[in-house]
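Shown next, in structure tokens, is the structure this report addresses.
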Amino acid sequence: MRKPIITLPVFFLCAAMTTLQAQPWKVYEQAAQSEAYAHYDCVNLLDSTSVSVQSSGQGSFAVCRAIKIQTPEGALQHRVLKYDYDPLTAAAVFKQVTIHHADGTRTSVDVSRTLDYAAPARAIYWGARQIMLELGQLYPGDIIDYEIAKKGFTYALLADVPQNATDDDERFIPPMRGQFYDIVPFWSSMPTVRKVYRVSLPQEKDLQFQFYQGSCTSSMRYVDGNKVYTFTTNHLMPFRREPNMVDLYDAAPKLMMSTTADWKEKSRWFHGVNEDYGSFEAIPEAQKKVDQLIAGKRTDMEKIAVLTHWVADNIRYAGITMGKGEGFTLHNLKMNYTDRCGVCKDIAGTLIAFLRMAGFEAYPAMTMAGSRVETIPADHFNHCVAVVRLNDGTLMPLDPTWVPFCRELWSSAEQQQNYLPGTPEGTDLCLTPVSAPENHYVRIHADNKLSSDGTLKGTFTIEAEGQSDSNIRRIFTTGFQSEWKNSLERQLLNVSPKARLLKVDYGRTPKDYQKAPIRITFRYEIPEYALRTEDCGMLFKPFVLNNLYTQVLSYLRISTNLEKRDYGFKDACSRLVEMDETLRLPSGFRLAGKERQDSMDGPAAAFNGSIKQQGNKLMLHTTLTLKKRVYEASDWNSFRQAVQTAKSYGNYILLTK
């Protein structure tokens, strides 16, 4: 029998296919040489993640990257590979790392040299880890090809260790046993030629998914008895950010998937987890404190308020790992009331227990501070709050973590934010409403007199409510009393370094935030506040609009230089800002030019203002209404016009003699 003859072309074809199987990124090298990638320090040739999901919900991940170094800066950026994981819920190792050099040679990196360190942390010390592998000196033209093998499950801040763990591998099974979800960002800080996400699940599992804020190529195939979903996209360039824009999860392309049927199923499960654990069981010493707090309170809202404020003001924010008690399982009241510290879930859990001991129906809730939660029931949560059922059956959200020494019960810095209560009947995803701007007013009224030598003397009173109140009052509730006067004096020094604070009237004790909104009156003198002009005129800025209490005017930090926005944007809170000033002028001086009056009202913001002279008095009034915390891109024109007009009232005023 004659032996088969393998021709040279067939030989090279087989060799090429073998290379592509071992180095799938090779096919993208040519595309990376285009002009679109030329000016970047690095190019991600291939970003590929493959997940194999077991019936328990545990996932085995193969995370593969091929990064081409193009500049010395890129070489410095990647001389150490890093990957974060949480040992309570996942394990991660470098499976292989190879450096392919421009001359065709390659270097295999010894992955046994991997170091495993505690990841940087602040306020929450839950044992997160970071694997690190030093690659040594790299050069432009090098390609880093590596694979990370990981098993476990991905999660937000509230992941849990299963209570029924019987062996080490049990910790990799998600808390909601049998369920799988993932949230996959399809954006990158470096240009990516091709990104692939592939997940294989047992056929009996149903997966729902959606791609947001962009598009990708998707498919589903049956392979070896499993359902295999594949999502790919090409030519992924670094996402262009805008100042003060919403979170990237709310603007950039992302993939979300989950095997959980709906949020109600998740809600019922979350409720059951904490009831079974006994997170809110009463203890005698706490019951005594609750009875003491609600004594004499006549209405339900009075009781809810006093309990919320006590928990907010007395449970410090600090978190260390407690092992099995972490995550979706809230620590019990005995631990929280004894330690008087914890993270959001500990503070919320204390309030829920307090409310139940006072006779209310209360439950925990998960929320996402900073970005939107989608209808796909993937666990995009990083914060825990409480809800209480009112007499009309509605669930009222309460957040003691965010309202220490604040007159609110739910921080309006969290308005327009999704949350999911854990209730026995199951609750759908909820959204906190917009808080009316007048709930967060800040009003500054000044009565001043300007001398012919340019000295300004007078008084101003600042009043505030809601989030504005908390911002102004913070020095009194969290600072040393010895610093009160210095802090207030700095407000005047921001106006002029020559300012002298003569007297401060605090009204009622400013530490007592629950009785009434804050109100402070200043008496001051500022030599040479107005500048003399060559023709004997005077030039100055309106006092109330001259860098006074800017820490509460967060909209001033939003640049209005952009004419158009492509993405939504955020402010700290909805707000009503009223500025009034009456200025008595020196004899013989008048406002140069015409008096001014402006009025506008749009979907996002409104403004009314005027500058006019009545006899020897110059009268200034401005009212700026900012109607939301989170804005759509279409709101920009309304917001920008109102804010720019308000800022323009702080321009210099000229007086002529």
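Computation of the quantities below employed the complete heavy-atom set of this structure, encompassing side-chain atoms and omitting hydrogens, waters and symmetry-equivalent molecules.
The backbone N or O of N471 sits nowhere less than 3.5 Å from a side-chain atom of Q467 that would complete a donor-acceptor pair. Proximity of a side-chain donor or acceptor of N486 to a complementary backbone N or O of E483 within less than 3.5 Å is not detected. In this structure, the side chain of E528 does not engage the main chain of G454 through any donor-acceptor pair within 3.5 Å. Remark: side-chain polar atoms of S470 are not paired, donor with acceptor, to backbone N or O of C406 under 3.5 angstrom. T308 places a side-chain N or O within 3.5 Å of a backbone atom of I304 that can act as its donor or acceptor partner. Proximity of a side-chain donor or acceptor of Q491 to a complementary backbone N or O of L488 within less than 3.5 Å is not detected. For T394 (side chain) and L390 (main-chain N/O), no donor-acceptor pair under 3.5 Å exists by modelled atom type. The backbone N or O of G458 lies less than 3.5 Å from no partner atom in the side chain of E525, so there is not a single donor-acceptor pair. Between the side chain of Y40 and the backbone N or O of P191, no donor-acceptor pair lies under 3.5 Å. Using a distance-only test at 3.5 Å, with no hydrogens or angles considered, no donor-acceptor pair links the side chain of S599 to the main chain of N608.
Looking only at side-chain heavy atoms (C-beta outward), L620 and L545 come within less than 4.5 Å of each other. The side-chain heavy atoms of K541 and I653, taken from C-beta on, include no pair separated by under 4.5 Å. A 4.5 Å side-chain heavy-atom check between R372 and Y249 finds every atom pair outside the cut-off. Within the 4.5 Å cutoff, the side chain of R519 has no heavy atoms near those of the Y506 side chain. Counting heavy atoms from C-beta on, the side chains of N336 and I315 never come closer than 4.5 Å. Taking the side chain as every heavy atom from C-beta outward, L236 and W187 never approach each other to under 4.5 Å. Considering only heavy atoms from C-beta on, L655 comes within 4.5 Å of L450 through its side chain. The side-chain heavy atoms of Q415 and Q417, taken from C-beta on, include no pair separated by under 4.5 Å.
Heavy atoms of other residues, nucleotides or ligands lying less than 6.0 angstrom from NZ of K449 number 12 at most. The 12-atom threshold is not exceeded at NZ of K457, counting heavy atoms of other residues, nucleotides or ligands nearer than 6.0 Å. A 6.0 Å sphere centred on CD of E595 holds more than 12 heavy atoms belonging to other residues, nucleotides or ligands. Residue Y652 qualifies as open at atom OH: its count of foreign heavy atoms under 6.0 Å is 12 or below. For R389, the CZ atom sits in a packed shell: over 12 heavy atoms of surrounding residues, nucleotides or ligands are nearer than 6.0 Å. Annotation for R532: atom CZ counts as buried by contact number, over 12 foreign heavy atoms lying within 6.0 Å. Heavy atoms of other residues, nucleotides or ligands lying less than 6.0 angstrom from CZ of R240 number more than 12. Counting heavy-atom neighbours within 6.0 Å of E302 CD, excluding the residue itself, gives a total above 12.
With no hydrogens or angles considered, no side-chain donor-acceptor pair links D469 and H440 at under 3.5 Å. If you check the side chains of E414 and T367, you find no donor sitting under 3.5 Å from an acceptor. Between N391 and D300, the side chains place a donor N or O and an acceptor N or O closer than 3.5 Å (distance only, hydrogens not considered). There is a side-chain donor-acceptor pair under 3.5 Å between R575 and S554. Q641 and T645 form no side-chain donor-acceptor contact under 3.5 Å, judged by distance and modelled atom types alone. H621 and D580 share a donor-acceptor pair across their side chains, judged by distance under 3.5 Å alone.
Remark: N439 pairs with S435, A436 by the side-chain contact (heavy atoms from CB on, under 4.5 Å) rule, at least two apart or across chains.
In this structure, K254 is positioned above the aromatic face of Y212, its NZ or CZ under 6.0 Å from the six-membered ring centre and within 45° of the axis. Geometric assessment of R565 against the ring of F569 yields a positive cation-pi assignment under the 6.0 Å and 45° thresholds. The cationic group of R443 lies under 6.0 Å from the six-membered ring centre of Y441 and within 45° of the ring axis, placing it in a cation-pi geometry.
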Show, in sequence, the C-alpha distance, side-chain angles and deciding distance for R473 and I475, and conclude whether the side chain to side chain contact (heavy atoms under 4.5 Å, CB included) test is met. CA-CA 6 Å; R473 198 188 295 266; I475 179 61; over 6 Å; no
Check the pair D41 / T71 against side-chain hydrogen bond (donor to acceptor under 3.5 Å, both in side chains), numbers first and verdict last. CA-CA 5 Å; D41 294 327; T71 67; 2.8 Å; yes
Can Y631 and Y567 be said to form a ring-ring contact (aromatic ring centres under 6.0 Å, His included), step by step? CA-CA 9 Å; Y631 296 86; Y567 309 106; over 10 Å; no
K627 and D601: CA distance, side-chain angles, deciding distance, salt bridge (Lys or Arg N to Asp or Glu O under 4.0 Å) verdict: CA-CA 11 Å; K627 302 180 181 181; D601 191 0; 2.8 Å; yes
Please assess L492 against F543 for the test side chain to side chain contact (heavy atoms under 4.5 Å, CB included), listing each intermediate value before the final yes or no. CA-CA 10 Å; L492 287 174; F543 173 80; 3.9 Å; yes
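Closest approach of A378 and W263 over heavy atoms only: O-CH2, 3.1 Å. The heavy-atom pair separating S638 from A605 by the smallest distance is OG-N, 3.2 Å.
Looking at V442, T623, T625 one by one, the single match for side chain to side chain contact (heavy atoms under 4.5 Å, CB included) with E578 turns out to be T623. Applying the side chain to side chain contact (heavy atoms under 4.5 Å, CB included) test between F522 and each of L501, I444, T459, T461 identifies L501 as the sole match.
In this structure, Y513 has its ring center closer than 6.0 angstrom to the ring center of H309. Outside the 6.0 Å centre-distance limit, the rings of F460 and H445 are not counted as a close aromatic pair. Between F639 and Y555, the ring center distance fails the sub-6.0 Å criterion. Checked against the 6.0 Å centroid criterion, the rings of F476 and F405 do not qualify as a close aromatic pair. In summary, the aromatic rings of Y524 and Y529 are positioned with their centroids too far apart to meet the 6.0 Å limit.
Ring orientation note: the planes of W410 and Y419 are tilted relative to one another, at an angle of 30° to 60°. In this structure, W310 and F354 have parallel ring planes: the angle between them is below the 30° cut-off, well short of the 60° mark.
Look at R640 and D635 and you find no salt bridge, because none of the NZ, NE, NH1 or NH2 atoms lies under 4.0 Å from a carboxylate O. The existence of a salt bridge linking K503 and D505 is excluded, since no basic side-chain nitrogen approaches an acidic carboxylate oxygen closer than 4.0 Å. Using a 4.0 Å cut-off between a side-chain N of Lys or Arg and a carboxylate O of Asp or Glu, D291 and K289 do not qualify as a salt bridge.
Here SG of C573 is found 14.0 Å from NZ of K628. Values are rounded to the nearest 0.5 Å. K617 contributes atom NZ, which lies 12.0 Å from atom CG of N448 (distance to the nearest 0.5 angstrom). Distance check, rounded to the nearest 0.5 Å: CD of E465 to CD1 of I518 gives 11.0 Å.
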